[in-house]
Amino acid sequence: MLPQISIIDILKLKRKNYTLKTTSKSCYVLTCRIEGESLFFYNNEEHLTKRGDIFYIPSESSYSQKCSSETLICFHLNVIGNISSDFEIFTPSNKDYVCNLFIEAEKLWKQKGENHELKCMAILYELLSLLHICKDNLPERKSSMLTPAVEYLNRHIYDKDLSIEKLCENFHISRTYFNRLFHKEYNTSPITYIHRRRLERAKSLLLGGNFTNEEVASLCGFNDVKYFYVFFKKMTGITTKELIKDIQHFKNKPFTLEEGK
């Protein structure tokens, strides 16, 4: 099951000539450097994070940090459930897009407008779906045979012409064997994984309010908006219109995912 995550705070910090030593961090942190860079020391290792890099810090962590000048945005989180317990640094391929997600979340949190917590959670889940921190997403790849196919799947997850048949043909593996091996290693089917990723992006885009249903469908890999409506209702139990009209319904009702065949 997906971990239960709640936002404690979202902070924008500007630092110059800063040195920090933290022992047993009391919460989980997801932070993005908007400007500048910072040097982290943990587990006898040294890591430099630059603009656009995302640093994930698990709870109860100890580390030290030095920076000459930086601007960053931090999510402070409570987490119940299975989530990575290791420090992780991500360098997204689209740094501007990820930075803008952090900037938008901090702006919404600071303004304290209507349903700001829910909107910030939607952005957070979009980030988590991109970064694969949640163990309910794909864990560390185990099979060298699956590695190139899984990398292909993640690169094309929102492509309209993505198909398991095409993927298997490209990598010279039968669909039946691929499905069995994928499920054995990741405890879910390829179709369910695709559905989960597309649903998470759709919820985030819909709640952001900047795209039409047709645009959301296209951005999430659907050729037909009518099919997108059917998909969304099947996966969530509510329509896209009900999601926007009755946000409290969305907030209080857990989303369910049916295992793909």
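The structure presented is a predicted model; accordingly, all values stated were derived computationally and were not measured.
Separation of atoms CD (Glu151) and NE2 (His156) is listed at 11.0 Å; rounding is to 0.5 Å. Distance check: Leu162 CG to Ile164 CD1 gives 6.0 Å after rounding to the nearest 0.5 Å. Between the CG atom in Leu206 and the CZ atom in Phe211 there is a gap of 10.5 Å [rounded to 0.5 Å]. The structure places CD1 of Ile34 at 8.0 Å from CG of Asn100, a figure rounded to the nearest 0.5 Å. For the atom pair SG (Cys120) and CG (Asn115), the distance works out to 11.0 Å, reported to the nearest 0.5 Å. Here Ser62 contributes atom OG and Ile57 contributes atom CD1; the two are 11.0 Å apart, rounded to the nearest 0.5 Å.
Closest heavy-atom contact between Cys32 and Cys99: SG-SG, 3.8 Å. For Asn179 against Pro190, the heavy-atom pair with the smallest separation is OD1-CG, 3.4 Å. The nearest pair of heavy atoms linking Ala149 to Phe178 is CB-CE1, 3.8 Å. Arg175 and Ile191 get closest at one heavy-atom pair: NH2-CG1, 4.0 Å. Of all the heavy atoms in Leu72 and Arg33, the pair that sits closest is CD1-NH2, 3.7 Å. Closest of all the heavy-atom pairs between Leu13 and Arg15 is CD1-NH2, 3.3 Å.
In this structure a side-chain-to-backbone donor-acceptor pair under 3.5 Å is present from Ser38 to Lys66. Between the side chain of Arg198 and the backbone N or O of Tyr158, no donor-acceptor pair lies under 3.5 Å. Checking side-chain atoms of Ser69 against main-chain N and O of Gly36 turns up no donor-acceptor pair under 3.5 Å.
Under the side chain to side chain contact (heavy atoms under 4.5 Å, CB included) criterion, Gln111 pairs with Lys107, not counting sequence neighbours. Checked against side-chain hydrogen bond (donor to acceptor under 3.5 Å, both in side chains), Glu106 has no partners two or more places apart in sequence or in another chain.
Both Ile73 and Tyr97 sit in one connected hydrophobic cluster of ILVMFWY residues. Membership requires side-chain heavy atoms under 4.5 Å apart, directly or through other members. Connection of Phe40 to Leu11 is not established within any shared hydrophobic cluster, with ILVMFWY side chains joined at heavy-atom distances below 4.5 Å, either directly or through further cluster members. If you chain together hydrophobic residues whose side chains sit under 4.5 Å apart, Tyr63 and Leu39 never meet in one group. Two different hydrophobic clusters hold Leu48 and Phe55 under the rule that ILVMFWY side chains link at heavy-atom gaps under 4.5 Å. There is a path of hydrophobic side-chain contacts, each under 4.5 Å, that joins Leu167 to Tyr177.
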Determine, step by step, whether Glu126 and Arg201 satisfy the salt bridge (Lys or Arg N to Asp or Glu O under 4.0 Å) criterion, reporting the C-alpha distance in whole Å, the side-chain angles of both residues, the deciding distance to 0.1 Å, and the verdict.
CA-CA 6 Å; Glu126 171 71 2; Arg201 170 175 265 200; 3.8 Å; yes

Quick one, Ile7 with Trp109, criterion side chain to side chain contact (heavy atoms under 4.5 Å, CB included). Give me CA distance, side-chain angles, the key distance, then yes/no.
CA-CA 10 Å; Ile7 299 173; Trp109 190 266; 3.7 Å; yes

Evaluate the side chain to side chain contact (heavy atoms under 4.5 Å, CB included) criterion for residues Leu153 and Ile194: first the C-alpha distance (whole Å), next the side-chain angles of each, then the deciding distance (0.1 Å), finally the verdict.
CA-CA 8 Å; Leu153 181 62; Ile194 293 170; 3.7 Å; yes

Could you walk me through whether Phe182 and Thr188 pass side chain to side chain contact (heavy atoms under 4.5 Å, CB included), step by step?
CA-CA 7 Å; Phe182 191 99; Thr188 190; 4.0 Å; yes

Are Leu199 and Phe232 close enough, and set up right, to give a side chain to side chain contact (heavy atoms under 4.5 Å, CB included), and what steps lead you there?
CA-CA 7 Å; Leu199 178 62; Phe232 194 89; 3.9 Å; yes

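The side chain to side chain donor-acceptor pair (under 3.5 Å) pairs that include a residue from residues 221-230 are Asn213-Tyr229, where partners are two or more places apart or lie in different chains.
Between Glu70 and the choices Arg51, Gln65, Lys50, the side-chain hydrogen bond (donor to acceptor under 3.5 Å, both in side chains) rule is met once, by Gln65. Partner of Tyr193 under the side-chain hydrogen bond (donor to acceptor under 3.5 Å, both in side chains) criterion, chosen from Arg196, Arg197, His195: Arg197.
With a 4.5 Å cut-off on side-chain heavy atoms, Cys27 and Val29 count as touching. Residues Asp53 and Lys95 are in side-chain contact: their nearest non-hydrogen atoms beyond the backbone lie under 4.5 Å apart. Considering only heavy atoms from C-beta on, Leu77 comes within 4.5 Å of Leu124 through its side chain.
If you check the side chains of Thr71 and Lys12, you find no donor sitting under 3.5 Å from an acceptor.
Other residues, nucleotides and ligands contribute at most 12 non-hydrogen atoms within 6.0 Å of the NZ atom of Lys21. No more than 12 heavy atoms of other residues, nucleotides or ligands shown are found within 6.0 angstrom of CD on Glu114. Applying the 6.0 Å contact sphere to CD of Glu169 captures no more than 12 heavy atoms from other residues, nucleotides or ligands.
The aromatic rings of Phe222 and Phe231 are tilted relative to each other, their planes meeting at an angle between 30° and 60°.
The distance between the ring centers of Phe75 and Tyr28 does not fall below 6.0 angstrom.
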